[in-house]
4 protein chains.
Amino acid sequence: MAVLRWGLIGGGEGSQVGPAHRMAARLDGLFRFCGGALDVEPNKGIRFARSLGADDDRCYGDWREMLDRERDRPDKLDLVTVATPNATHYEIASAFLAAGFNVLCEKPMTMRLQEARDIVRLVEKTGLVFAVNYGYTGYPLVRHMRAMVGRGDLGRIRLIKAEFAHGFHADAADSDNPRLRWRYDRNLAGASAVFADAGIHAFHMACFVSGQSATEVSADFVSIVSGRELEDDAMLNFRMDEGAIVRLWTSAIAVGRMHGLTLQVFGEKGGLRWAQEQPNQLYWTPLNGRTEIIERGAAGLSPEADRASRVTVGHAEGMPLAFANIYHDLADAIVARQSGPRFDPFDCNYPTARDGFRSIAAIEAAVRSAADKGAPFPIDPS
Amino acid sequence: MAVLRWGLIGGGEGSQVGPAHRMAARLDGLFRFCGGALDVEPNKGIRFARSLGADDDRCYGDWREMLDRERDRPDKLDLVTVATPNATHYEIASAFLAAGFNVLCEKPMTMRLQEARDIVRLVEKTGLVFAVNYGYTGYPLVRHMRAMVGRGDLGRIRLIKAEFAHGFHADAADSDNPRLRWRYDRNLAGASAVFADAGIHAFHMACFVSGQSATEVSADFVSIVSGRELEDDAMLNFRMDEGAIVRLWTSAIAVGRMHGLTLQVFGEKGGLRWAQEQPNQLYWTPLNGRTEIIERGAAGLSPEADRASRVTVGHAEGMPLAFANIYHDLADAIVARQSGPRFDPFDCNYPTARDGFRSIAAIEAAVRSAADKGAPFPIDPS
Amino acid sequence: MAVLRWGLIGGGEGSQVGPAHRMAARLDGLFRFCGGALDVEPNKGIRFARSLGADDDRCYGDWREMLDRERDRPDKLDLVTVATPNATHYEIASAFLAAGFNVLCEKPMTMRLQEARDIVRLVEKTGLVFAVNYGYTGYPLVRHMRAMVGRGDLGRIRLIKAEFAHGFHADAADSDNPRLRWRYDRNLAGASAVFADAGIHAFHMACFVSGQSATEVSADFVSIVSGRELEDDAMLNFRMDEGAIVRLWTSAIAVGRMHGLTLQVFGEKGGLRWAQEQPNQLYWTPLNGRTEIIERGAAGLSPEADRASRVTVGHAEGMPLAFANIYHDLADAIVARQSGPRFDPFDCNYPTARDGFRSIAAIEAAVRSAADKGAPFPIDPS
Amino acid sequence: MAVLRWGLIGGGEGSQVGPAHRMAARLDGLFRFCGGALDVEPNKGIRFARSLGADDDRCYGDWREMLDRERDRPDKLDLVTVATPNATHYEIASAFLAAGFNVLCEKPMTMRLQEARDIVRLVEKTGLVFAVNYGYTGYPLVRHMRAMVGRGDLGRIRLIKAEFAHGFHADAADSDNPRLRWRYDRNLAGASAVFADAGIHAFHMACFVSGQSATEVSADFVSIVSGRELEDDAMLNFRMDEGAIVRLWTSAIAVGRMHGLTLQVFGEKGGLRWAQEQPNQLYWTPLNGRTEIIERGAAGLSPEADRASRVTVGHAEGMPLAFANIYHDLADAIVARQSGPRFDPFDCNYPTARDGFRSIAAIEAAVRSAADKGAPFPIDPS
């Protein structure tokens, strides 16, 4: 497979997500970092891109310049990653899609539902490869859970218990810290804080594993640290289109919890438990049977899990490799799309534009439910 | 301390809770089993009481006979435990209270809120020792959590995450099993199944540890296994009188979860995590600090925890010893009451009649909220 | 079953092991504490026995007085527990055996091998019930391991990895503390410290679970805290009579380890792992299969495990209940012996005089091996 | 930093270690894979190198050809990784060193001690960068343990308990499998099997963390599965030059253990525990204090740990990233060496030639001790 050309927007010096994207893109040697527009300050971005080994003629001062100059190159970028501040995702991603680029967009895909719908339509129209970065579904054992559910090991899925709870925004003395403050300000962060930022990963994972979509939500949002407009702790109950219930807790004030992304899936024929902090073990209990520990890399796993594994059993794999699986899948999708008309941009291992839309729809409905004392609110299906 | 005289109602042959009470009463040598009415079938009960070493003249065919014959004895029973089917708790407990006996009543204390109020008034009037058996609060490290909260280690309590989730009612093929069936039948079990039966322990523990009372609840009840009238899975959000929020999940269909009683307490200054299945470790994270493992029996614990511990650090203690702590506390209370007027029957280590009332009130409010799509419902405070 | 009469020697006020014996004897209601000689100071012992509810005429100033007065009573004690300082075990236990009493002796059974041989012969001669208190084998899941090995689930046993490592003697500044000091003094403690005190439990458990006896040992003893004559850390390799190897580490300086009694058993057809600090779960991996978690109290366990369990699955059981299983087995043995000639005092669930002998033999051989740079040393078989 | 030129010998299609090296070299973008000799079959190796994107003129049929053609290129390879079968390491590594290349050599560095001594001298003479791939010391929390020991947090180190126990060679029915068979054949694998292959990682880690060297060893080797010449289970006791004791268990027949590389370090002032399978948590118990959980990525860690971390706290990192830290350190060393004379090839974060030598010396001494019934044997110090 030829090495694909990859460009990055955002993710400049000091960014947390930038290095993760660069590691993930690089890990399997499928992408070459060609260049991009890495910083709001043009000179800083150009300098940083150069220091990372970008091609001289592909270090840009801003994304518009990048778009102008890249759109007609014969050696077009195969993938553009958008890792800029949230409010700019829609404008940049849709511009690059419209110009014919495959895009990996950081979450949230957009700030508003109508914009998310636009992205879906652009992808439908162009047939381009497009992903939203709910990267935790790249873990091999998350893929294995989905495979087990898909092949019926659990029977009908009854209930999913999902969590994403951390304690890193718990310090009231730190709440004026600008790094934190904007997250709880409605004007800067949008309609939701901890659910849109953290809990949404758990939501997407519940959908990904169950293969179901949410139709209704009841939400209890609270702003625990004083001075915050938006929620820093939330409990949500979802109804899914094939009957499952998803109960989701997310928190930023849970002192002692580090990352706290966990999933428990309960079906007619068994239950599964998985935690992102110990991602190489999956606990499976068949109905009336004993709990078994499924090890990543062990013999007898699903092809989906095997394909997403890189080292032998007993060796820990972590988040950067999960993330790299998204890039690996994107590489496969880019090649598949190039090789024929049968590529479906919404039927992929990675989170698609439709998943991005559904997440935004879930956030909007949850915000309304929370504002109405938790009354159930329907979730826009399309 | 003289050995106290103890009688038992219910808990006959084959009962699960009977042996637990007998072990707990016996463990510290503070109570002697004198007799009781152990079975609905008089002869069986009498025979069984004898086989357990009861005094010949104190083996009764039913509780009314027992009450008649015991009430005027000079060597009156110091404590009567009521471990009969739920629907009979009120009648028996109130009759023995009215006759001047100290009572330990299995939960639920009553089936209706008005009855619970009656019990509280009887205890107020008589000043007798009365406990409801939420026995899990007898664990040393649960006592330690309460002590830490009480002395301010966590600052103001913000949020409690409580769970009691098991999977032993998950098998649809087993749902006609008479042992299970009655639990989900409104006529036999009352207005709530899994919350009233299992989740209520987590609710009481949240109140016990936080020292707060619930004022409002929003509940989502679902009957997952078909044919069940009552809920087998529930999510509840409580507001507490001093501002804490309690999020409580309880389930009987969570295949792979064994007992699943856990508590996480988050305050301004730190967080705590504890699980009934590994009760000898408590995880404490001070704000901005490292998680510490607090071992039962280690040096430096609270007097409340030390007092409830029996063996040295590193040795597991389990549920029967937690339970025995309730009996130990009752013995102390009985002695305290005998020795002076300063005994307050509502200010005790063990769960009091007021705790029993609050639990019933919480169940009633939760049932109403669940019936009204989760709209918040106030909880009767008194 | 009639309640058995039980007497105690040692275990006075402030003793650690005394309360454990009293709880264990009391828990199932099979024994009644009648009296004993509880303290080296006669008056203290008499007072304490009374405070515990002993019969007035059975509170003794010392064990010789007790023996004199008890030996000819018609209502003879059914069981005498010896919980005095180590150096006195032999004299007391053999005297009571010789006078026809059933005995539970704290470990070590004796200080010298010849004395241990005497005890075995006394038991052979009298056919009395005699146990040494390696109480950790009373845990239900330890019994289950033995049952699994016995019925061949693991095939031939290849290797056992046993540990008993704690860190409570690690503080050099505390080493003059009289509570610690005697333990490392050859004149007071005998030839071995941490192996004889702690590691020996792991040794006995390895024998109990495998059903094999040790024939040879190679030992590396070290005295890590300066000023200690005897070892505070040791590594031992045993050869067993049916081919298994036991590797045993024991330590008193392993800071952070609390109790650290663990067993791993590896056979041709699978492996087992168990830890005393989390005694309600056993990890079982069939060869080429997945690890399964066996829960105490779950369906499908061996009769040996079921019999030793008291509460339902998911509820923690701890050390005092394991200990109580030894008492329960003793009660059964006492009744079996009374009811006929088929009782074999060396074929029991509890650790017998022969187990006591083998432990002393292992200690003696280990001490010699350690003194000879770890050269393998045979263990006296009889 | 300019991207360094990297070549690979061995690690062809189907190799396990090859992909790990490629991921590790690529992850931080510090090395570019230029080419190499990847397979014993020349054409296969050339084809595979091309498929991985090697430069056309740097795909070689064998390592001699590679050496001939690379030695005089102006754009010399900055690092050559040797990942060929064990018996060839010495010849290839020494040839490349002699020709002036920096080398990363898979373990074991050599098959004989004299060869290892040669490598050390070559490195002394040339001052080149040379590492042996004990890659597990690349884990951030292993670096943190070393830092804690180095700065005195534990006081004098008393004892290290090290393990590397797996169960993947336990199946007697599989022992004729050629993939396994050579490992236990003295002619093919050398003098030791499981210790040289697995346990040696634990040995190096103990040295790395303690900063001490082994001076003496006593070993118990057993061949458990019949038909094996070499040991598949071993217990070793080491004496270290600054007084620590290392007790090391390694096994290939421990069914249920997956990787089982763990380290426990006990000093005068505290103890540490770490396990490769859960590498993002380190357990630290200060003397007389509570166990604390140190999280990779948390605030307040040592610079050594911070430098080796790539993603934020709570996100799992795994073995490929640990491995990449070795490559990162090598890149730094290569640059340091180029920039001045102060580079010391034996004072590095990664395992040096001297570490390689010491491991071979430890294996040789252990084999002799095991052959002499565990009599202590000195380890060649230089």
Side-chain angles (χ1 to χ4, degrees), chain A residues 154-156 158-159 161 163 165 167-168 170-174 216 218-220 222 224-225 232-239 243-245 247-249 251 253-258 260 264-273 283-292 369 372-376, chain B residues 154-156 158-159 161 163 165 167-168 170-174 216 218-220 222 224-225 232-239 243-245 247-249 251 253-258 260 264-273 283-292 369 372-376:
Chain A
L154 285 84
R156 195 172 55 81
R158 293 164 161 178
L159 186 87
K161 184 80 191 350
E163 293 189 4
F168 294 111
D171 189 352
D174 193 41
E216 192 185 274
S218 165
D220 182 14
V222 289
I224 281 176
V225 173
D232 49 16
D233 187 281
M235 184 72 222
L236 305 99
N237 293 299
F238 293 92
R239 260 57 177 178
I245 287 157
R247 307 201 182 282
L248 191 159
W249 174 50
S251 186
I253 58 90
V255 182
R257 300 291 295 264
M258 294 296 137
Q264 302 180 62
V265 185
F266 303 109
E268 292 171 320
K269 292 159 59 179
L272 288 167
R273 282 175 288 147
Y283 294 82
W284 159 237
T285 316
L287 185 68
N288 302 323
R290 282 183 191 154
T291 297
E292 299 173 4
S369 168
D372 191 21
K373 299 189 173 182
Chain B
L154 284 84
R156 196 172 54 83
R158 293 165 162 178
L159 186 86
K161 184 81 191 348
E163 293 189 3
F168 294 111
D171 190 352
D174 193 42
E216 192 185 273
S218 166
D220 182 15
V222 288
I224 280 177
V225 173
D232 50 15
D233 186 281
M235 183 72 222
L236 305 100
N237 293 299
F238 293 92
R239 261 56 179 179
I245 286 155
R247 305 202 182 284
L248 191 159
W249 174 50
S251 186
I253 58 90
V255 182
R257 301 290 297 264
M258 293 297 137
Q264 302 180 61
V265 185
F266 303 109
E268 291 171 321
K269 292 159 59 178
L272 288 168
R273 282 175 289 148
Y283 293 82
W284 158 237
T285 316
L287 185 68
N288 303 322
R290 281 183 191 154
T291 297
E292 299 173 3
S369 169
D372 191 20
K373 301 190 174 181

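Below, chain A is the first sequence line, B the second, and so on; all start at residue 1.
By the side chain to side chain donor-acceptor pair (under 3.5 Å) test, A:N288 is found to be paired with B:D171, residues two or more places apart in sequence or in another chain being considered. When the side chain to side chain donor-acceptor pair (under 3.5 Å) test is applied to A:E163, the partners found at least two apart in sequence or on another chain are A:K161, A:R257, B:K161.
Across every non-hydrogen atom of A:V225 and B:R158, the tightest pair is CG2-NH2, 3.7 Å. Residues A:K373 and B:P376 share a closest heavy-atom pair of O-CD, 3.6 Å. Listed here is the closest heavy atom pair of B:R156 and A:I224: NH2-O, 4.2 Å. Of all heavy-atom pairs between A:W249 and B:L159, the closest is CZ2-CD2, 3.6 Å. Heavy atoms only, all atoms of each residue included: B:T291 and A:G256 are closest at OG1-O, 4.1 Å.
Residue A:A173: no heavy atom, backbone or side chain, is found under 4.5 Å from chain B. Looking at A:R290, neither its backbone nor its side chain comes within 4.5 Å of chain B, counting heavy atoms on both sides. With a 4.5 Å cut-off on non-hydrogen atoms, B:A234 touches chain A through its backbone but not through its side chain. With a threshold of 4.5 angstrom between heavy atoms, A:I245 approaches chain B through side-chain atoms but not through N, CA, C or O.
Across B:A170, B:A165, B:S218, the residue that shares the most heavy-atom pairs under 4.5 angstrom with chain A is B:A170. Note: B:D233 leads B:D233, B:I253, B:L154 in heavy-atom pairs under 4.5 Å with chain A. Ranked by non-hydrogen atom pairs under 4.5 Å with chain B, the options A:M258, A:R239, A:K269 are led by A:R239. Taking A:A254, A:S251, A:A172 one by one and counting their heavy-atom pairs under 4.5 Å with chain B, the maximum is reached by A:A254. Heavy-atom pairs under 4.5 Å with chain B peak, among A:D372, A:V255, A:T285, at A:V255.
With salt bridges taken as basic N to acidic carboxylate O contacts below 4.0 Å, one links A:D220 and B:R247.
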